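Worksheet for the structure shown next.
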Amino acid sequence: MNEILKGHVKSKSTNKALLLFRNTWRRRGRRDDCSIDSYTVLFVLKACMIRSCEEEIKHVHALVLKLGFHCIVFVQTMLVNSYSGARLVKDAHKVFDEMPERNVVCWTGLISAYVDNGRPDRALKLFREMQMENVEADSVTVTVALCACADLGALEMGEWIHSYVRCKRGFKMDLQLKNAVINMYAKCGDIGAARRMFDELGRSRNVTTWTSMIVGHALHGQAEEALRLFEEMRSRKHGVMVPNDVTYIGVLMACSHAGLVEEGRRYLESMSKECGLSPRMAHYGCMVDLLCRRGQLNDAYQFVVDMPIRANAVVLRTLLSACSLQGNIALGAKVRRQLLETEPDHASDNVIMSNAYAAAGMWDAKEMVRAQMKHARKVPGCSSIELKSSVHKFISGDSRRQALRNSARS
DNA sequence: TTAGGGTTAG
């Protein structure tokens, strides 16, 4: 049965996998050869992880305890990963805490869990704890830790990790890790270091290497270089290098930062025509941003109306912010009405609109929005700085400073 | 037979 389960999970047929397991579970006891073992629950947990269903994971977790498989490290690691996939980081951490022995894979699983769930600061703290427990990081752990640095903008920590892997004897830096280094430098503001690493890679670059560098240049406002790299990537010089949908996000971001409307439209069109890729919300979002930055608000609105998919709140908010900044009250009010349908109770939309009314001297309208805001949920603003490889987080309206002691140099 | 890799709009 395990082989069939494995096949279903591999082909992402999670329904079939769970159905097979349920039937086998029901039949248990009637036959002597009940084939449920720790491998079975491992595959079932993997199916649950793909589905990210909280109830299913908790149900299988209960079964794991009942069957006595809770001390098997493979099962425990899969539980950590499954809980993380369902955004239940506390549960993932609880499983980890209860593990009698932890190896590098389960440490990496929990570090990834925090990165995946928007807590890169906690991820780096764990990375340091892991080292203090003398568990040696491997290339996967380091790749994930570098991603946490990139998310936090923690350049010092990223540099330390980079020099650690370069100096450590016998440590093999594979391409995925090198790509993570490029991404870390680009996101942490050292575009020169990112580019040096990219140049060093030469012919061993893959599509992710190219994409990371294109996105990096775009984020630094170096649109010309980003687009030049894209054209170079597509030239025969580098063999067959097919851009993917993320590469196109980088290209559209570059166009947006440089105000290249026509080029942006052309790239969006070429995405499906030349590469057979379907634009996603993020691509349309880039185009809306591009039109807005050029001051073409009506074109941006028409673009949203003509989009083959319904605009999400992020796209509408891009448009609303641009209307507010450029003083287009009428269009702003129209977009805000759509936003209220798409995502009501988002305080920042009302703040944007209220400020727009205030800037236009429309005090009654402003007061009306302010009155509505009293019932809205407010999410506090948050920022962080890195000092001597420690990340310090500040929450607005909160005098407490959360010093996150994740010093790297221990 | 068994666990981990992270280039994504604002």
Side-chain angles (χ1 to χ4, degrees), chain A residues 1-7 9-10 37-46 49 69 72-82 84-85 95 99 102-113 115-116 120 123 137-151 174-180 182-184 186-187 194 198 205-216 218-219 243-257 264 268 279-290 292-293 311-322 348 352:
Chain A
M1 175 179 75
N2 287 349
E3 279 303 317
I4 305 171
L5 260 181
K6 193 176 160 185
V9 172
K10 204 174 173 189
D37 57 16
S38 68
Y39 293 87
T40 318
V41 292
L42 203 68
F43 296 133
V44 172
L45 269 174
K46 193 152 193 169
M49 186 176 78
F69 298 145
I72 298 170
V73 69
F74 294 94
V75 175
Q76 290 164 322
T77 308
M78 194 55 102
L79 272 168
V80 168
N81 297 339
S82 302
S84 166
V95 173
M99 290 173 78
R102 298 152 184 160
N103 61 19
V104 65
V105 183
C106 54
W107 273 99
T108 308
L110 191 64
I111 294 170
S112 305
V115 176
D116 283 345
D138 63 13
S139 61
V140 183
T141 324
V142 168
T143 303
V144 178
L146 283 169
C147 184
C149 295
D151 286 353
D174 55 30
L175 186 57
Q176 279 160 291
L177 173 49
K178 288 172 184 170
N179 288 342
I182 293 174
N183 181 49
M184 179 277 294
K187 296 281 164 57
F198 174 85
R205 299 168 196 146
N206 65 7
V207 64
T208 307
T209 323
W210 284 92
T211 303
S212 302
M213 205 60 239
I214 289 168
V215 169
L219 286 174
N244 62 24
D245 57 341
V246 188
T247 321
Y248 273 98
I249 288 175
V251 167
L252 292 172
M253 277 165 67
C255 292
S256 184
H257 287 283
L268 188 70
R280 287 184 287 112
M281 191 67 78
H283 300 94
Y284 295 121
C286 287
M287 272 312 296
V288 171
D289 186 48
L290 167 51
C292 287
R293 281 175 195 248
N312 67 5
V314 177
V315 173
L316 292 174
R317 203 161 290 128
T318 303
L319 191 48
L320 177 66
S321 301
S348 77
I352 297 167

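It should be emphasised that the depicted structure is a prediction, and the values quoted were computed from it without experimental measurement. Letters A, B, ... are given to chains in the order of the sequence lines, protein chains preceding strands, and every chain is numbered from 1.
For the 3.5 Å distance criterion, the side chains of A:N179 and A:T209 qualify, holding a donor opposite an acceptor. Looking only at atom types and distance, the side chain of A:N183 has a donor-acceptor partner in the side chain of A:K187 under 3.5 Å away.
Residues meeting the ring pair (Phe, Tyr, Trp, His ring centres under 6.0 Å) test with A:F198, sequence neighbours left out: A:W210. With sequence neighbours left out, the side chain to side chain donor-acceptor pair (under 3.5 Å) criterion links A:D138 to A:T141.
What separates CH2 of A:W107 from P of B:dG4 is a distance of 19 Å, to the nearest Å. Put simply, CZ on A:F69 is 16 Å from P on B:dA3, counting in whole angstrom units. The CE atom of A:M99 sits 9 Å away from the C1' atom of B:dA3 (whole-angstrom rounding). The interatomic distance linking A:L42 (CG) with B:dG4 (C1') rounds to 12 Å, in whole Å. Rounded to an integer number of Å, the gap from CZ of A:R280 to C1' of B:dT8 is 6 Å. Straight-line distance from the CE atom of A:M184 to the P atom of B:dG5: 20 Å, rounded to whole Å. Protein atom CD1 of A:I72 is 13 Å distant from nucleotide atom P of B:dA3, rounded to whole Å. Atoms NZ (A:K187) and P (B:dA9) sit 7 Å apart, rounded to a whole Å.
The residue A:L177 sits close to a base: some heavy atom pair falls under 4.0 Å. Using a 4.0 Å heavy-atom criterion, one finds that A:Y248 contacts no nucleic acid atom at all. Within the 4.0 angstrom heavy-atom criterion, no nucleotide atom of any strand lies near A:V207. A:D245 comes within 4.0 angstrom of nothing in the nucleic acid, heavy atoms only. A:S212 comes within 4.0 angstrom of the backbone, heavy atoms only, and of no base. Among the atoms of the strands shown, none is found under 4.0 Å from any heavy atom of A:N206. Contacts of A:T209 with the nucleic acid, taken as non-hydrogen atoms under 4.0 Å apart, are absent. Note on A:V104: a base of the nucleic acid sits closer than 4.0 angstrom, heavy atoms only. Residue contacts for A:T108: at a heavy-atom cut-off of 4.0 Å it reaches a base atom on one of the strands shown. At the heavy-atom level, A:M281 lies under 4.0 Å from base atoms of the strands shown. At a threshold of 4.0 angstrom between heavy atoms, the contacts of A:R102 with the nucleic acid are absent.
Comparing B:dT1, B:dT7, B:dA3 against the side chain of A:V246 picks out B:dT7 as the nearest. When distances run from any side-chain atom of A:N2 to the nucleotides B:dT1, B:dG4, B:dG10, the shortest one goes to B:dT1. Between B:dA9, B:dT2, B:dG5, one nucleotide has an atom nearer to the side chain of A:Q176 than all others, and that is B:dG5. Here the nucleotide nearest the side chain of A:D289, chosen from B:dT8, B:dG4, B:dG10, is B:dG10. Here the side chain of A:E3 is nearest to one of B:dT2, B:dA9, B:dT1, namely B:dT1.
In this structure, CG in A:D289 is found 10.0 Å from OG in A:S321, a value given to the nearest 0.5 Å. One finds the CG atom of A:L177 at 6.5 Å from the CG atom of A:L146 (value rounded to the nearest 0.5 Å).
Residue A:K10 has no polar side-chain atom (N or O) positioned under 4.0 Å from OP1 or OP2 of B:dT1. The phosphate of B:dT7 has neither OP1 nor OP2 within less than 4.0 Å of any side-chain N or O from A:K178. Distances shorter than 4.0 Å separate none of the side-chain N or O atoms of A:R317 from OP1 or OP2 on B:dA9. OP1 or OP2 of B:dT7 has not a single side-chain nitrogen or oxygen of A:N179 nearer than 4.0 Å.
In this model, a side-chain donor or acceptor of A:T211 finds a partner on the base of B:dT7 within 3.5 Å. Within 3.5 Å, a donor on the side chain of A:T143 pairs with an acceptor on the base of B:dG5, or the reverse. Between the side chain of A:T141 and the base of B:dG5, no donor-acceptor pair of N or O atoms lies under 3.5 Å.
The shortest distance between side-chain heavy atoms of A:P243 and A:T211 does not fall below 4.5 Å.
Using a 5.5 Å limit on the distance between ring centres and a 30° limit on the angle between planes, the aromatic ring of A:Y39 counts as stacked on the six-membered base ring of B:dT1.
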